[in-house]
Amino acid sequence: MEEDFLNDLNEQQRDAVLYTEGPELVIAGAGSGKTRVLTYKIAHLLQMGYPPYRLLALTFTNKAANEMKNRIAEVVGIETASRLWAGTFHSIFSRILRANADRLGYRHDFTIYDASDSLSLIKSIIKEMQLDDKVYKPSTVQSIISNAKNALIEPHVYAKNRELIEMDTRSKRPLICEIYRIYRHRCFVSGAMDFDDLLLNTNILFRDHPDVLQHYRDLFAYILVDEYQDTNFAQHLIVSQLGKEHNRICVVGDDAQSIYSFRGANIHNILGLSKEYPGLKIFKLERNYRSTQNIVNTANSLIAKNKEQIPKQIFSQKEQGNKVKVISAYSDFEEGFIVSNRIAELRLTTHCRYNDFAILYRTNAQSRTLEEALRKRNIPYRIYGGTSFYQRKEIKDAIAYFRLTINPNDEEALKRVINYPTRGIGNTTLTKLIDRAHESGLSIWNVLDDPKGNGVEVNSGTLNKLQGFKELIESFRLAATRQTTAELAETIVRQSGIMRDITAERTPENISRQENIEELLNGVQEFCTLRQESGEENTTLSDFLAEISLATDQDNGDEAEQDKVTLMTVHASKGLEFKQVFIVGVEENLFPSSMSQESEREIEEERRLLYVAITRAEENCTLTYALTRYRNGQTVSSPPSRFLKELDPRYVDMPAQARQEQPLEERPWRNSFAGEWGRKPFRRDDSDDSRTPAPRPFTAPAPAKRLTRIESRPASDNSSAPQTSATTAAGAIVVGSRICHARFGNGTVSAIEGTGDNSKITVEFDNVGRKQLLLKFAKFTLIE
DNA sequence: TCTGTACAATTTTTT
DNA sequence: ATTGTACAGA
């Protein structure tokens, strides 16, 4: 087979693919076909005779990893592709750590603590040390520890690092290092590693066990790394350790898209690469295939303001296209209104599907207003990165039981479920157990094994309860040896009492919890089946846990098929592209974030972030800012972002500058704006009219008008309390009634149970599917 | 020991 | 506005 795919590549791309004589850095501008180069490079290496299991391809996200695997499978077939070492840093190195866990004193089925496990552990340590959690803010402590780990600083090194100690002393937190030491020890006793440990411990493994390092050095004949600008020191060092000796490495990245420094990513890893690899050959991919010229030029004009970067000339040969549009709104409400209007409009004029639209924002909190606006317009949408499936309470509870079954030393899991469902083991008892455990360096489970022998004083009733819990978990461990994994999962959910607890009362919440648990069990089953198909005979619950603890991507396959507008943070959008992009909230204190104004370095990162956002767009890019916005319960006003002034006006449509100076009255917007609904949308300045001359086809429909009435009940509004309106509406409800819910939008009543205020209705919502509502609580109105 | 209520703090981004 | 925590009362 000839390498006919080479015809799919431009000259720069082809050079990058074919060069295999030494270390290589590919600077890949936004939309320049980076994934294509990586894919074909791997295909090329395979063709040269490298066996697939000797190629290591590292990415940053699961999404990127999957995409790469799929694209490679298309070129070389799934058989070969599945033998590659391709995945995220975290997944690949957790695999390697599991294989060598004994070298570090861990078991191969160690638990992976997610961010909330680690935060909760830090909280309890702070509490046990009787420190003030206002001085030692758990989240701050967590990020300090995380940064230390990413810089490969272990506690004993931390203690000797004058700079760090001085910093902690200055911020009146001299005991951080001690917390770190205890935290690390407690993770170890619990048989757990947190996210950062996966990288830190890999480095320790390689450092302390040269034979292991040598093994993987020999194994990986060629190393490819995507998004190198996002690597932190721990990742960078792993790559050098594995790749430096044979020098067959290819890293791809774009310094202009480095946006993860808050997580320890160091842009100098890529900027300083040529010093590290003397023969480093640099290729630049400068042709952008994604966006129109106006979009590319706008983005270039912005990023040009950054000082630290590798020089490159990104260009587009697509049509010039529309100018990038900047729109000013009075409030975040109006901003949502404008965006949803434009989506409706553009969908007609450009024949785009909803899938072609994305709304990008700086912070997750901004999604709310946008959701409301979209719902009013009946525009379907999907939010990326909300609370994912595995973050839901009932799922975390079930998983905590799974985790305990595999690893009873798992402290966080144990704390979570020792008294859920309620079994009379309260805080007092738990505290005794924990104190005892830590005094003797044991896990809580060890103490639980023999409370008396470990000196825990409890009355006999409590002792029985503890015994009962212990036996429960042990019965699961026994079941694990006799049942299939899917059966085991079901046993646990039932025997633990989770199922009983959430089926006790048939509230709408509980029904959705049950569905989630069902979905989890299906997930286990599906996972086992899938593994069986790929030749893995015995899939254990431990395998399942290992898989999901690193899965954060929530793009459910069938979800993605539906035609919906995408809402997500700019960070989450990296690597994606959309025909129509809206970037909202381009204001001072938001974008750039108020947290990032201290140094030029931080501002440069915010600038790169906006660069990433703009370069997601293929055809149209619209930036909006609101002069006032609801934040933490109150209205604040901020000027437009400084970045807007940095965009080259030749490629951008700006609203009249005078507008921005408009004095702001006190808030009445929120109330009065709703009243404007259904009439003409706000008209701000002439710039708006030239492009959207036609009378808007979508003035707000009548139902929406009514919806705004119940929603615009501000504290000051003394007209009707929401309860009243719901009760009034309730009386008239029949099957088939159309209702409008404050959160779920419009829907049709499909069933009614019970009477009066205690009755429950089932509603098929147009956008969010079936929900059950209790009349007593639900906020909705009858429409039509 | 559990439950309910009141009050406080919180918010940048996430593998 | 929501969420978590602290404290009081059962």
Side-chain angles (χ1 to χ4, degrees), chain A residues 58-65 87-94 112-116 118-120 123 127 133-134 137-140 142-143 146 149-150 193-199 226-227 230-232 234-235 258-265 360-369 384-388 390-391 393 419-431 458-459 461-462 465 549-554 568-575 585 589-598 602 605-606 608-610 612-613 629-636 714-715 742-743:
Chain A
L58 295 167
T59 64
F60 199 63
T61 66
N62 293 311
K63 208 163 53 191
T88 63
F89 274 94
H90 290 88
S91 73
I92 295 286
F93 294 112
S94 69
I112 296 178
Y113 274 175
D114 69 13
S116 67
S118 104
L119 188 64
S120 122
K123 270 186 197 160
K127 199 168 230 172
D133 65 359
K134 281 174 197 92
K137 240 176 58 189
S139 56
T140 310
Q142 186 183 31
S143 83
S146 172
K149 288 187 177 182
N150 287 329
M193 297 195 195
D194 69 14
F195 263 149
D196 302 314
D197 285 335
L198 297 178
L199 305 171
D226 192 13
E227 307 275 21
D230 287 331
T231 54
N232 58 37
Q235 292 163 321
S258 164
I259 56 174
Y260 282 106
S261 72
F262 68 91
R263 221 167 59 196
L360 310 181
Y361 35 79
R362 181 64 238 272
T363 67
N364 279 311
Q366 290 167 260
S367 72
R368 246 219 151 90
T369 330
Y384 259 64
T387 34
S388 83
Y390 296 109
Q391 299 297 318
K393 181 189 176 306
N419 200 28
Y420 174 81
T422 322
R423 46 175 76 86
I425 303 173
N427 262 329
T428 324
T429 311
L430 185 57
T431 310
V458 287
N459 62 42
T462 312
K465 291 170 187 164
S549 56
L550 292 173
T552 47
D553 272 356
Q554 47 252 297
M568 60 182 152
T569 63
V570 179
H571 282 89
S573 77
K574 195 164 75 147
N589 302 320
L590 188 58
F591 205 162
S593 158
S594 51
M595 312 296 278
S596 307
Q597 314 229 349
E598 247 125 75
E602 290 173 313
E605 176 141 327
E606 294 283 317
R608 291 193 292 268
L609 196 53
L610 185 56
V612 167
R629 175 176 301 278
Y630 254 40
R631 283 238 250 173
N632 295 345
Q634 39 183 314
T635 316
V636 292
R743 265 193 62 211

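The sequence lines fix the lettering, A, B, ..., with proteins before strands; numbering per chain opens at 1. Keep in mind the model is a prediction, meaning the values are calculated, not measured.
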Work out how far the P atom of C:dA6 is from that of B:dT11, and round it to whole angstrom. 16 Å

Heavy atoms from C-beta onward define the side chain here; which of B:dT12, B:dT14, B:dT1 lies closest to that of A:A572? B:dT14

Kindly say whether the aromatic ring centers of A:H571 and A:F262 come within a distance under 6.0 Å. yes

Return the value, rounded to whole Å, for the distance between atom CD1 of A:I92 and atom P of B:dT15. 17 Å

What integer distance in Å separates A:R368:CZ from C:dT3:P? 8 Å

If you compare every side-chain N and O of A:N364 against the phosphate oxygens of B:dT13 (OP1, OP2), does one of them come in below 4.0 Å? yes

Contact class for A:N419 (heavy atom, under 4.0 Å): base, sugar-phosphate, or nothing? sugar-phosphate

Between B:dT13, B:dC2, B:dT15, which nucleotide gets closest to the side-chain atoms of A:F195? B:dT15

Using the P atoms only, state how far B:dT13 lies from C:dG4, rounded to an integer number of Å. 16 Å

Whole-Å distance between B:dT14 P and A:Q235 CD? 16 Å

Sugar-phosphate only, base, or nothing, as touched by A:K123 at under 4.0 Å among non-hydrogen atoms: sugar-phosphate

Honestly, is A:K149 close enough over A:F195, meaning NZ or CZ under 6.0 Å from the six-membered ring centre and within 45° of the axis? no

Out of B:dT1, B:dT15, B:dT14, which has the shortest distance to the side chain of A:T61? B:dT15

A:K127 side chain N/O closer than 4.0 Å to the phosphate oxygens (OP1, OP2) of C:dT5? no

Rounded to whole Å, CG of A:D133 lies from C1' of B:dA8 at a distance of 12 Å

Taken to the nearest whole Å, OH/A:Y361 to P/B:dT12 is 16 Å

Which of the following nucleotides, B:dT15, B:dT12, C:dT5, is nearest to the side chain of A:T88? B:dT15

Backbone of A:P592 reached by a side-chain donor or acceptor of A:S596 within 3.5 Å: no

Run through A:D196, A:N232, A:D194 and flag the one making a side chain to side chain donor-acceptor pair (under 3.5 Å) with A:S146. A:D196

Tell me whether the OP1 or OP2 atom of B:dT15 has a side-chain N or O from A:N232 closer than 4.0 Å. no

Euclidean distance, atom OH of residue A:Y384 to atom P of B:dT14 [Å, nearest integer]: 13 Å

Determine the contact category for A:K574: base if any of its heavy atoms lies under 4.0 Å from a base atom, sugar-phosphate if only primed atoms, P, OP1 or OP2 are that close, otherwise nothing. nothing

So A:T429, base contact, sugar-phosphate only, or nothing? Heavy-atom distance under 4.0 Å. sugar-phosphate

For C:dA1, take OP1 and OP2 only and decide whether either is under 4.0 Å from a side-chain N or O of A:R631. no

Between A:K574 and A:D230, does any NZ, NE, NH1 or NH2 come within less than 4.0 Å of an OD or OE carboxylate oxygen? yes

So, OP1 or OP2 of B:dT12: does either fall under 4.0 Å of a side-chain N or O from A:T569? no

Could you check how far NE2 of A:H90 sits from P of B:dT15, rounded to whole Å? 10 Å

Using modelled atom types and a 3.5 Å cut-off, is there a donor and acceptor pairing between side-chain atoms of A:T422 and backbone atoms of A:G424? no

Closest-nucleotide mapping onto DNA chain B: is A:F89 or A:S596 further toward the 5' terminus? I mean the 5' end. A:S596

Determine, answering yes or no, if A:F262 is stacked on B:dT13 under the 5.5 Å centre rule and the 30° plane rule. yes

What is the distance, rounded to the nearest whole Å, between atom CZ of A:R423 and atom C1' of B:dC2? 16 Å

Classify the side-chain pair A:Q366/A:T363 by whether it contains a donor and acceptor separated by less than 3.5 Å. yes

Has the side chain of A:R263 got a donor or acceptor that lies under 3.5 Å from a partner of the other kind on the base of B:dT13? no

Look at all strands and tell whether A:S91 reaches a base, only sugar-phosphate, or nothing, counting heavy atoms closer than 4.0 Å. nothing

